[in-house]
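Working notes, beginning with the structure itself.
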Amino acid sequence: NIRAVRNGLSLSLRRCLAKTMRSVSFVNRVELKVPGNVLSHAICLGDVDNDGVNELAVGNVSGSLLIFKGMTSRHPLCAAEGLGLITCMGVGDVFSCGQNHLVCVNAEGHMYAFHVKDLVRGDRTPRIQPVFQQRLPPNTRTMLLANLGEDDPCTLVLGFTDRMVRAYQWVAGDAAVTDLLVVGKFAQMD
């Protein structure tokens with residue numbers, strides 16, 4: 001008797017799922033080769049070079065950061081090396097200067113901010129250097145770059161493996177953010 005109820009429930013559940021499930025076919029697809037393993041939060045889609053078009057940024061556990069642009073090329077627009085085990089990334093105006101920066105954080109707590117601009121594809125992938133780096137608490141799992149209030153500057157919210165959440169905002173120093181000069185630090189919010 002119990003088996004009949006289970007089989008009837010299973011059959012009705014299958015019928016319900018069959019009515020609600022759809023298949024999706026993407027016409028255009030791109031396969032990109034990224035060496036090594038990639039964590040789920042180390043993939044980011046955003047306007048990295050401030051041209052109004054989104055780029056795909058991917059970081060792996062070996063410390064390589066690759067930025068891909070467009071659907072026509074399988075080769076990265078630019079790359080960075082030696083960043084440690086990259087756990088999460090985000091794109092946003094973290095310095096409140098009106099331009100997006102790519103921010104990546106590794107497992108050891110090193111945060112790197114990259115300003116990507118005026119890159120032209122060539123035979124070799126150009127290497128980019130961080131314009132800012134800061135040591136934050138280790139074991140970051142996820143990241144969010146957002147304006148938490150209407151008039152607030154962009155906030156860097158980090159989630160850690162010990163279930164702690166910390167929010168940071170840019171505190172400018174004596175000079176403002178320029179092309180390759182960043183003076184200040186990220187301070188934890190209360």
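Each residue takes its place number in the sequence, starting with 1.
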*Can you tell if the side chain of L85 reaches within under 4.5 Å of the side chain of L39, non-hydrogen atoms only?*
yes
Sorted by chain and residue number, the side chain to side chain contact (heavy atoms under 4.5 Å, CB included) partners of H41 (sequence neighbours excluded) come out as C88, T142
In this structure, CD of Q169 is separated from OG of S96 (nearest 0.5 Å) by 7.5 Å
Residue set satisfying side chain to side chain contact (heavy atoms under 4.5 Å, CB included) with D47, at least two apart, ordered chain then number -> D49, D51, N54, E55, N100
Exactly one candidate in N37, L83, V38, L66 meets side-chain contact (heavy atoms from CB on, under 4.5 Å) with N60; the answer is V38
Scanning both residues in full, the closest heavy-atom pair of F114 with P130 reads CE2-N, 3.4 Å
Review point. Hey, does the Lys NZ or Arg CZ of R141 hover above the aromatic six-ring of F160, less than 6.0 Å from the centre and inside 45° of the axis?
Key: no
Measure from the side-chain N and O atoms of S64 to the backbone N and O of G82, and report whether any donor-acceptor pair falls under 3.5 Å. no
Item to check | Worked verdict on I67 versus V116 for side chain to side chain contact (heavy atoms under 4.5 Å, CB included) | outcome: CA-CA 10 Å; I67 300 174; V116 180; 3.8 Å; yes
Would you sort out whether V34 and F68 count as a side chain to side chain contact (heavy atoms under 4.5 Å, CB included), showing the intermediate values? CA-CA 10 Å; V34 177; F68 296 93; 4.1 Å; yes
Query - Check: I86 and V61 side chains under 4.5 Å, non-hydrogen atoms - result: no
Within the 4.5 Å heavy-atom criterion, are Y112 and N106 side-chain neighbours or not?
yes
Using side-chain heavy atoms (C-beta onward) and a distance below 4.5 Å, is T155 in contact with N147? no
Could you check whether any side-chain heavy atom of L65 comes within less than 4.5 Å of a side-chain heavy atom of M89, counting everything from C-beta outward? yes
How about R166 and V157: do any of their side-chain heavy atoms sit closer than 4.5 Å? no
Joint cluster assignment, L144 & V165, ILVMFWY side-chain distance < 4.5 Å:
yes
Closest non-hydrogen atoms of G90 and M143, given as atom of the first, atom of the second and distance, are N-SD, 3.5 Å
If you define the side chain from C-beta out and look only at heavy atoms, does anything of F132 sit under 4.5 Å from V103? no
Note: R127 and A79 closest approach over all heavy atoms is NH1-CB, 3.0 Å
Hydrogens and angles aside, do Q99 and H115 bring a side-chain donor and acceptor to less than 3.5 Å of each other? yes
Flag the pair L56 / C44 as yes when at least one side-chain heavy-atom distance between them is below 4.5 Å, and no otherwise.
-> no
